[in-house]
Amino acid sequence: MPTTIEEPRILGIKPFEPDQVFFEPDALTYPLGKELMKRFKAKGTPIYMTTSHNQVRGIPGETELEKYRNAKRTLVVGVRKTLKFDTSKPSAEYAIPLSTGCMGHCHYCYLQTTMGNKPYIRVYVNIDEILEQAGRYIEEREPEITRFEAACTSDPVGIEHITGNLKRCIEYMGQQEHGRLRFVTKYAHVEPLLDAKHNGRTRFRFSINADYVIKNFEPATSPFLDRIEAAGKVAQAGFPLGFIIAPLYRFDGWQEGYRDLLERLEAMLPNEAKEDLTFELIQHRFTKTAKKVIEARYPKSKLEMNEEERQYKWGRYGRGKYVYKKEQARELQETIEEMLVYHFPYAKIEYFT
Ligand code: SF4
């Protein structure tokens, strides 16, 4: 009698709980700050005060590497003072700052460099002020639609069970005729968001990749199968759904790896999830600074960052990055787009960059 071999399931990761928490004194004047203080006291998490969320001292660790790892398990509760939002092309007009930092250990993540020596996770309690500011940006552009990206500086789903800020933001946008929200996640902990009154104005995206990339470069994030299962729940909750395939990475056998990814995605997604679907494609890139930081933090990483094999692309403020050479990038784009058209004929490919 033939036996069926089930795909082995890597046990999912638990929702993040920090090893220690720092509070800015001002944070305790906001309801969310008070609530979080209560939460962590009840859990017995070590709590410290810090004068500013930009300068947290006293994260334990003998070496730089240990300090870095401990920082990724440290939560800082603060007040967001800068209410000027950054731009967030090509996926949205503005980045909405709900949190900064992430507990994931993706080797290639650009937060490695943008957060420099502050890899701890900051959450902001003045959510009402942040949303009011978003409202002003929406008004300025009316009758145009204004899109906000909530995952530029963190993975907001991964910490949602702690703050509830993403749900507040989703429900706020649900009431804005001219406002839209989008974010992306590598975490499957979507339960707290499933009953949010989104009104179809939030696009919930999952970051996915070929097995090789997830296994080698994305420690401390949810496994692929958990992400897809979560995507199904999100689609059932009526959210417009999307996927970001990033970084598109040319490993040995990448064509097969990505074909396998999209075949599995098609087979596993419920039909309703395929009706209004978007894909965003981002090829792997790195800067010289990122390369140094990654080599120091993940010394055994297999991530290829050979400048000679790449092409330099100038960016804003003279800061450029290394992307694949033209021909290789074109091949990557054409191959993946072809596969997408085959597996998801009704989906929209928003961009390749
Ligand atoms: Fe960076 Fe996203 Fe990985 Fe977090 S989950 S480390 S934000 S790439």
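Read the numbers this way: they start at 1 and go in the same order the structure lists the ligands and their atoms. It should be emphasised that the depicted structure is a prediction, and the values quoted were computed from it without experimental measurement.
Counted within 6.0 Å of OH on Tyr351, heavy atoms from surrounding residues, nucleotides or ligands total more than 12; the atom is thus considered enclosed.
Under a 4.0 Å criterion applied to the non-hydrogen atoms of Cys102, ligand 1 contributes the atoms 4 (Fe), 5 (S), 6 (S), 7 (S). Using a 4.0 Å cut-off to heavy atoms of Lys186, the atoms of ligand 1 that qualify are 2 (Fe), 5 (S), 8 (S). Atoms of ligand 1 lying under 4.0 Å from at least one heavy atom of Gly104, given by number and element, are 6 (S). Applying the 4.0 Å criterion to heavy atoms of Leu111 picks out, from ligand 1, the atoms 7 (S).
Between the side chain of Glu24 and the backbone N or O of Val79, at least one donor-acceptor pair lies under 3.5 Å.
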**Q.** Step-by-step salt bridge (charged side-chain N to carboxylate O under 4.0 Å, His left out) determination, Arg201 to Glu177
**A.** CA-CA 9 Å; Arg201 291 183 179 145; Glu177 198 187 335; over 6 Å; no
Margin query: Assess the residue pair Glu350 and Arg205 against the criterion (salt bridge (charged side-chain N to carboxylate O under 4.0 Å, His left out)); give the C-alpha distance rounded to whole Å, side-chain angles, the decisive distance to 0.1 Å, and a yes or no.
Written below: CA-CA 13 Å; Glu350 293 197 324; Arg205 292 123 85 219; 5.6 Å; no
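Look at Cys106 and atom 3 (Fe) of ligand 1: an N/O/S atom of the residue is under 2.8 Å from the metal.
For atom 1 (Fe) of ligand 1, the closest non-hydrogen atom on the protein side is Cys109 SG, 2.4 Å.
Geometric assessment of Arg310 against the ring of Tyr324 yields a positive cation-pi assignment under the 6.0 Å and 45° thresholds.
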